[in-house]
Every structure is written in structure tokens, then in C-alpha cells.
Amino acid sequence: MVRFKNRWILAEFIPVVHGSAQLGKRAAQANIDGKTIWAALKQSVLDNFGDTGWGAVGLSLTGESSVVPRNLKLIFFLLLVKYFSPTTNLCIIRVARDHHNMAWAAVTLLTAIEGVRYIPNVIHLSGTIKHAQLAAISHNREVIARYRALAKSPVAYQDGFDSFLETSELEIEAMQD
């Protein structure tokens with residue numbers, strides 16, 4: 001059996017409103033999810049690296065399987081968005097180890113998703129899902145602390161972000177390879 005080695009890209013999509021990045025704010029007209037990010041990444045690879053680039057990265061990002069002669073089973077992992085949080089705009093993307101540089105470049109070269117401008121920020125690159133999960137949980141805490149600082153709320157103030165942190169931590173930890 002062949003083991004496929006992956007890389008996990010942890011990226012944040014910072015909305016741009018009126019020409020400036022809005023840290024701690026959500027784009028009002030945007031309603032993005034994992035599927036729209038996947039489509040934008042696919043288009044970014046096609047625009048910047050052509051069909052050859054998408055052929056390489058696309059085959060590293062799918063969950064399709066096919067049977068070939070002599071009962072050899074090949075599994076191709078295409079670009080896959082494993083997690084997306086609309087609150088923090090945090091995304092975990094799985095890509096094959098051989099093509100992670102091209103996928104990283106495609107994320108970095110993204111300018112808009114569904115017509116809304118974003119600044120992509122690759123936060124972490126990991127060889128295992130566990131380390132990507134730990135980095136995502138840590139980054140979620142930093143983003144929530146940034147939200148609270150912008151709101152100028154006292155440290156002991158109880159808000160909805162506490163429950164968000166708990167649920168997002170459970171969702172992130174529940175992800176499996």
C-alpha cells in the first residue's frame with residue numbers, strides 16, 4: 001500500500017474594505033465557505049500556473065479513487081478545504097507534499113473571493129493534521145483576543161466568543177486525515 005504524504009496549509013483571509021485591511025472585522029457582503037474558497041483556489045492555480053499547474057495541484061487535492069488494471073488502487077488527493085471558520089476567516093487546506101509550494105503560491109496570489117477583496121495570510125504549514133489543528137486553535141485564540149481588544153471589553157467580560165472558542169476547538173480537534 002502506498003502512503004500519500006500531505007501538507008496542511010493554515011491560512012487566514014483578511015477582508016479589505018475601502019482599500020484597507022480590516023483586522024477583526026468581517027466583510028459585510030461576503031458569505032464564503034469551504035466550497036467558494038476551493039473554487040477560488042482552483043481559479044488562482046489556473047490563472048497563475050495554467051492547466052499544467054492545476055493538473056499537478058488538482059490531483060493532489062481530491063478525495064477521488066479509481067481502480068486500475070491488476071487490482072492496483074490509486075487514490076488521488078485533490079485540493080481539499082478541511083476547515084473554514086466564517087468568524088475568524090481561518091482555513092485549513094490539505095495538499096500533496098510534492099505540490100505544496102504551488103498551492104501556497106496560489107493562496108498568496110488570491111485577491112478576491114466571489115468579488116470581495118481579501119488579503120490571504122498563510123499562518124502555518126504543517127506535515128501533520130495534528131500540528132495544523134494546534135496552530136489553528138492557537139490562532140483562533142489570538143484572533144478572539146484581537147476582537148476583544150478592538151471592542152475594548154474588560155478581561156472578565158463574558159461574551160459569545162467564549163462559546164465560539166469552545167465549539168471551534170471541538171470542531172478542529174474532530175478533523176481527521
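We find the NZ-OG1 distance between K5 and T128 to be 12.0 Å, quoted to the nearest 0.5 Å. Note that CG of N89 and CD1 of I119 are 12.0 Å apart. Values are rounded to the nearest 0.5 Å. In this structure, CD1 on I37 lies 10.0 Å from CD on E114, to the nearest 0.5 angstrom. For the atom pair S85 OG and D33 CG, the distance stands at 12.5 Å (nearest 0.5 Å). Separation of atoms CH2 (W8) and NZ (K130) is listed at 13.0 Å; rounding is to 0.5 Å. Interatomic distance, L41 CG to L80 CG, rounded to the nearest 0.5 Å: 11.0 Å.
Under the 4.5 Å side-chain heavy-atom criterion for Ile, Leu, Val, Met, Phe, Trp and Tyr, L134 and Y83 are members of distinct hydrophobic clusters. A continuous path of hydrophobic side-chain contacts links V116 to W38 [ILVMFWY only; heavy atoms under 4.5 Å]. Hydrophobic clustering (ILVMFWY, side-chain heavy atoms < 4.5 Å, transitive): I123 and I129 are in one cluster. Residue W104 is grouped with residue L46 when hydrophobic side chains (ILVMFWY) are merged at heavy-atom distances under 4.5 angstrom, including chains of intermediate members.
With respect to the salt-bridge test (charged N to carboxylate O, under 4.0 angstrom), the residues E12 and R146 qualify.
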Q: May I have the step-by-step check of side chain to side chain contact (heavy atoms under 4.5 Å, CB included) for V95 and I9, ending in yes or no?
A: CA-CA 8 Å; V95 65; I9 299 173; 4.1 Å; yes

Q: Could you walk me through whether N121 and F13 pass the side chain to side chain contact (heavy atoms under 4.5 Å, CB included) test, one step at a time?
A: CA-CA 6 Å; N121 179 23; F13 294 97; over 6 Å; no

Q.
Does L125 form a side chain to side chain contact (heavy atoms under 4.5 Å, CB included) with L10? I'd like the steps, not just the answer.
A. CA-CA 6 Å; L125 177 71; L10 179 64; over 6 Å; no

Q | N140/T87 under side chain to side chain contact (heavy atoms under 4.5 Å, CB included): CA gap, chis, key distance, verdict | A | CA-CA 9 Å; N140 268 346; T87 304; over 6 Å; no

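With hydrogens and angles disregarded, no donor-acceptor distance shorter than 3.5 Å links the side chain of T36 to the backbone of I32. The backbone N or O of W54 sits nowhere less than 3.5 Å from a side-chain atom of D51 that would complete a donor-acceptor pair. The backbone N or O of R97 lies less than 3.5 Å from a partner atom in the side chain of H100, making a donor-acceptor pair.
The minimum heavy-atom distance linking A56 with H99 is given by the pair O-CD2, 3.4 Å. Across all their heavy atoms, H131 and H124 have their closest contact at O-NE2, 4.0 Å. Minimum interatomic distance between A11 and V107 (heavy atoms only, all atoms of both residues): CB-CG1, 4.1 Å. Shortest non-hydrogen contact noted between A40 and A112 is CB-O, 4.5 Å. For the pair A132 and S126, the tightest heavy-atom approach, listed with the atom from each and the gap, is N-OG, 3.6 Å.
Listed by chain and residue number, nothing satisfies the side-chain hydrogen bond (donor to acceptor under 3.5 Å, both in side chains) test with S138 (two or more places apart in sequence, or in another chain).
Side-chain contact check for L90 versus V143: every heavy-atom pair is 4.5 Å or farther apart. No side-chain heavy atom of K82 sits less than 4.5 Å from a side-chain heavy atom of I93. Between R94 and R7 there is no side-chain heavy-atom pair separated by less than 4.5 Å. At a threshold of 4.5 Å between non-hydrogen side-chain atoms, the residues F84 and I92 do not count as touching.
Looking at S44 and D47, their side chains never bring a donor and an acceptor atom within 3.5 Å of each other.
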